[in-house]
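Comments concern the structure below.
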2 protein chains.
Amino acid sequence: MTSLPRRPSMTDVADRAGVSYQTVSRVLNDPHRVKPATRERVQAAIEELGFTRNRAARALRTTRSRIIGVLTDGSSLYGPATTLSAVEAAAHEAGYTTLLASVGPHGASGERTGRELLESGADGIIVIAPHEGMVPALEAIARTTPIVSVTAGAPAIPGATMVTVDQARGARSVVEHLAEAGCRSVVHLQGPPSWFDARGRRAGFVEAVDQLGLDAEITEPGDWSPGSGARIAEALLRGPLPDAVFAANDHMALGLLHVLHARGVRVPEQVAVVGFDDISGAAYFTPSLSTVRQPFDRLGQAAVARLISGLGPAPEEAAPAAAPSGLAADLAPELIVRRSSSLTAPATTDEPPVS
Amino acid sequence: MTSLPRRPSMTDVADRAGVSYQTVSRVLNDPHRVKPATRERVQAAIEELGFTRNRAARALRTTRSRIIGVLTDGSSLYGPATTLSAVEAAAHEAGYTTLLASVGPHGASGERTGRELLESGADGIIVIAPHEGMVPALEAIARTTPIVSVTAGAPAIPGATMVTVDQARGARSVVEHLAEAGCRSVVHLQGPPSWFDARGRRAGFVEAVDQLGLDAEITEPGDWSPGSGARIAEALLRGPLPDAVFAANDHMALGLLHVLHARGVRVPEQVAVVGFDDISGAAYFTPSLSTVRQPFDRLGQAAVARLISGLGPAPEEAAPAAAPSGLAADLAPELIVRRSSSLTAPATTDEPPVS
DNA sequence: GGAATCGATGTGAACGTTGACACTCGGAGA
DNA sequence: TCTCCGAGTGTCAACGTTCACATCGATTCC
């Protein structure tokens with residue numbers, strides 16, 4: 001009914017406590033410099049009025065917003081969503097707030113999103129799961145704001161630091177595992193090539209099969225969805241069965257498993273299947289799915305740490321573009337062997353707690 | 001190496017274009033009021049300098065940040081993640097930016113998060129998937145900022161509007177479907193009771209089984225995870241089999257399916273199974289899972305629309321707490337019948353496009 | 001032809017905060 | 001006693017923008 005009251009300002013608090021606004025500011029920023037008695041009066045006034053600092057005014061004055069912008073694709077795919085969650089938590093921990101911007105299906109074009117992220121005055125940007133559609137947005141941003149990219153392979157962005165999970169390494173570990181299990185022919189059900197992660201997985205696959213001398217084949221690209229996995233699996237079944245299939249992610253693997261089951265192909269006896277991501281539920285597929293788990297939590301934390309260290313404590317003296325040491329920090333993914341690629345694996349394996 | 005240059009301001013643009021800062025402002029806010037020739041000069045200068053408006057200064061001056069705060073649980077569960085994505089897209093569409101804050105596993109306590117969301121000066125708050133842990137944060141916020149809650153059942157928050165998917169209705173449609181299919185005894189594998197959505201589903205279940213006179217049982221609560229679903233399923237199998245099981249969400253249903261399969265219980269022949277959410281992949285479970293699809297996209301859009309309409313065009317004249325008309329806007333969930341509860345359903349059903 | 005009008009632009013003030021500096025007061029050292 | 005110091009507090013200016021009003025030349029109208 002009635003309009004909400006104006007937010008109280010430092011002046012309001014100061015009046016109530018009988019001090020100047022500067023003293024209020026000091027109580028908030030440097031409490032031990034003000035006499036305990038005064039401090040308590042001010043704190044009481046803050047409490048009574050429900051005062052909170054106006055972030056816009058602070059940002060204006062200090063030129064630092066304490067906001068981290070997160071640029072992501074518009075989807076809610078497992079990897080990006082999980083990473084986002086971890087980034088948010090880590091940023092929060094470090095006293096930063098997270099601003100969300102999307103490029104892609106839902107979200108607007110890269111250009112516009114980039115401009116908006118800039119306007120918002122984020123101190124730094126973290127890019128999650130970049131694909132090619134994001135590059136223009138990033139180029140615009142990089143001119144004035146430090147960027148940390150959470151996926152490798154976006155080489156066009158100058159000045160961007162990377163914190164990544166080594167996709168190729170994950171793919172190699174899958175192929176090695178399959179070879180060890182006796183598979184001689186392996187098919188890679190590849191992901192959308194516009195995604196840098198998909199390229200990394202494919203590259204690791206190619207490298208490993210070459211090195212191990214396996215019979216290899218790569219299908220047409222899927223779009224990460226179970227449906228695409230199923231579709232490609234149908235096509236695959238028209239030819240001779242390979243010993244193993246490595247799907248670009250768990251969802252595509254699920255589609256594949258579904259089709260194999262429907263056609264009476266036994267997994268892993270006739271075909272071994274491995275996915276990528278270790279999504280929630282992979283351990284409970286039929287059969288329980290071997291996959292590559294990515295440390296999304298540590299990834300998010302590392303990205304935030306990297307970004308903040310580049311930001312430096314004082315705005316002037318920092319040299320954000322030159323983040324500490326090497327340009328890329330790679331985290332290792334972890335192969336999780338379950339029933340879908342190993343008869344000796346327990347029928348059910350634990351999965352990590354919900355996150 | 002060198003510090004990034006200071007962001008250009010309107011004054012910089014004005015100098016370059018040989019006009020006053022006010023003219024620059026007008027070019028941005030009210031272009032047709034400035035002479036075309038001048039306008040073009042200013043626009044050129046903007047382009048050359050890569051100028052973008054400083055949002056902090058705007059927010060300070062106008063007292064409107066054009067930021068929507070989103071409060072969510074710290075997880076990346078399917079429903080919340082999908083809704084978040086939709087909210088971001090809708091907010092972006094409406095010219096708002098999305099600020100993310102979490103309460104829960106990762107995120108900090110409700111109190112602190114609430115204060116931070118307030119400080120950030122969001123024009124309004126959207127709460128996704130509230131559970132009890134959020135209530136304190138919300139109470140603090142509601143004093144000065146309009147709130148739209150995206151889940152029903154958070155009655156403690158005065159002044160909060162709700163935009164929801166009717167969980168009870170979804171649960172009822174499941175029970176009705178099962179009854180029609182001839183099931184006489186139904187077990188509900190319930191979700192965590194601290195979540196308002198879980199309560200809604202359970203309430204709908206109870207109501208429907210009462211009304212239809214079915215044999216009903218409710219298990220101990222799960223935690224949304226497949227693991228919890230599997231654990232509860234193990235316990236369930238120690239007793240006589242019911243005709244059907246209604247799981248609180250698809251993940252728990254997946255755990256259940258896994259255990260049933262391992263024990264050689266045939267679905268749906270011996271036990272029908274229905275989940276809730278229609279997560280990506282549900283159509284490709286073994287068997288393909290009947291479930292209740294929630295219109296998360298429309299939900300996000302509706303929440304943003306509701307919030308913005310309450311915000312009003314001008315800050316003074318708006319009466320945000322009193323959002324238009326009824327307090328709750330319920331969207332209808334949609335029952336999707338697949339193989340797990342119906343022998344006549346096709347083995348594979350389409351699912352919606354990735355989002 | 002002079003006043004009223006309008007279109008185009010400039011000037012001043014303010015939003016709420018912080019950093020630099022100035023002031024006041026009591027006590028310590030000369 | 002006078003100066004110096006520091007602890008505690010206050011005043012001023014500025015961040016970049018927008019709003020309200022002022023200005024100025026060129027019309028238009030009677």
Side-chain angles (χ1 to χ4, degrees), chain A residues 5-42 45-46 49-67 118-121 123 144 313-317, chain B residues 5-42 45-46 49-67 118-121 123 144 313-317:
Chain A
R6 188 178 60 84
R7 280 176 60 185
S9 73
M10 283 196 175
T11 315
D12 299 327
V13 175
D15 288 351
R16 179 157 197 135
V19 296
S20 80
Y21 52 84
Q22 180 59 265
T23 301
V24 178
S25 173
R26 268 191 282 261
V27 168
L28 260 31
N29 296 325
D30 204 3
H32 70 271
R33 299 206 42 160
V34 28
K35 193 158 63 173
T38 332
R39 191 196 311 154
E40 275 162 34
R41 247 180 323 138
V42 170
I46 289 177
L49 294 174
F51 166 81
T52 54
R53 277 186 288 199
N54 182 321
R55 190 191 280 259
R58 280 187 97 185
L60 178 58
R61 181 62 232 237
T62 60
T63 70
R64 324 212 53 215
S65 59
R66 297 198 75 78
I67 284 181
L118 257 187
E119 276 190 28
S120 74
D123 292 341
T144 50
E316 272 75 37
E317 70 199 38
Chain B
R6 187 178 61 85
R7 280 176 61 185
S9 74
M10 283 194 176
T11 315
D12 299 327
V13 175
D15 288 351
R16 179 157 197 135
V19 296
S20 79
Y21 53 85
Q22 179 58 266
T23 302
V24 178
S25 173
R26 267 191 283 260
V27 168
L28 261 30
N29 296 324
D30 204 3
H32 70 272
R33 298 206 41 157
V34 27
K35 193 157 63 174
T38 336
R39 191 196 311 154
E40 275 162 34
R41 246 177 327 135
V42 171
I46 289 178
L49 295 173
F51 166 80
T52 55
R53 278 186 286 201
N54 182 320
R55 191 192 280 260
R58 279 188 100 185
L60 178 58
R61 181 61 236 234
T62 60
T63 70
R64 325 212 52 214
S65 60
R66 297 199 75 79
I67 284 180
L118 256 187
E119 277 190 28
S120 73
D123 291 341
T144 51
E316 272 73 38
E317 70 199 39

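Residue numbering restarts at 1 for every chain, and letters A, B, ... go by the order of the sequence lines.
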Measuring only between side-chain heavy atoms, which start at C-beta, is B:Val19 closer than 4.5 Å to B:Val24? yes
Under the 3.5 Å rule, do the base of D:dT17 and the side chain of B:Arg58 count as making a donor-acceptor pair? no
Least distance between heavy atoms, B:Ser20 atom then B:Ala14 atom: C-CB, 3.6 Å
Using whole Å, what does the distance between atom C1' of nucleotide D:dG6 and atom NZ of A:Lys35 come to? 14 Å
Name the residue closer to the 5' end of DNA chain C, choosing between B:Arg41 and A:Thr52 according to the nucleotide with the nearest heavy atom. B:Arg41
Of all heavy-atom pairs between A:Met10 and A:Leu28, which one has the smallest distance, and what is that distance? CE-CD2, 3.8 Å
What is the bend of the helix from C:dG1-D:dC30 to C:dA30-D:dT1 when you compare the axis at one end with the axis at the other, using five pairs each and rounding to 10°? 50°
Mind listing the closest non-hydrogen atom pair of B:Asp123 and B:Arg66 along with its distance? OD2-N, 2.8 Å
Return yes if a side-chain donor-acceptor contact under 3.5 Å exists between A:Ser65 and A:Arg55, otherwise no. no
Is there a side-chain polar atom (N or O) of A:Thr38 under 4.0 Å from OP1 or OP2 of D:dT9? yes
Note: B:Asn54 and B:Arg7 closest approach over all heavy atoms is CA-NH2, 3.7 Å
Under the criterion side chain to side chain contact (heavy atoms under 4.5 Å, CB included), I'd like the reasoning laid out for B:Arg53 against B:Asn29: C-alpha separation, chi angles, the key distance, then a yes or no. CA-CA 11 Å; B:Arg53 278 186 286 201; B:Asn29 296 324; 2.6 Å; yes
Once rounded to the nearest 0.5 Å, what's the spacing between atom CD of A:Glu40 and atom OG1 of A:Thr38? 9.0 Å
Spacing of CZ belonging to B:Arg58 relative to CG belonging to A:Leu60, to within rounding of 0.5 Å: 13.5 Å
Please give me every residue in residues 16-25 of chain B whose heavy atoms get under 4.0 Å of an atom in DNA chain C, ordered by residue number. B:Val19, B:Ser20, B:Tyr21, B:Gln22, B:Thr23
When rounded to whole Å, the CZ to C1' distance for the pair A:Arg26 and D:dG8 reads 8 Å
For chain A and DNA chain C, what are the first and last nucleotides along the strand, 5' to 3', with at least one atom under 4.0 angstrom from a heavy atom of the protein chain? C:dG16 to C:dA20
What do the steps show when you test B:Gln22 against B:Arg26 for side chain to side chain contact (heavy atoms under 4.5 Å, CB included), and what is the final call? CA-CA 6 Å; B:Gln22 179 58 266; B:Arg26 267 191 283 260; 3.3 Å; yes
Rounded to the nearest 0.5 Å, what separation is found between the OG atom of B:Ser9 and the OH atom of B:Tyr21? 11.0 Å
Under 4.0 Å, heavy atoms only, any strand: does A:Arg53 hit a base, just the sugar-phosphate, or nothing? sugar-phosphate
Within this structure, what is the CG-to-P distance between A:Asn54 and D:dC15, rounded to whole angstrom? 18 Å
To the nearest Å, give me how far apart CE (A:Met10) and C1' (D:dT9) are. 15 Å
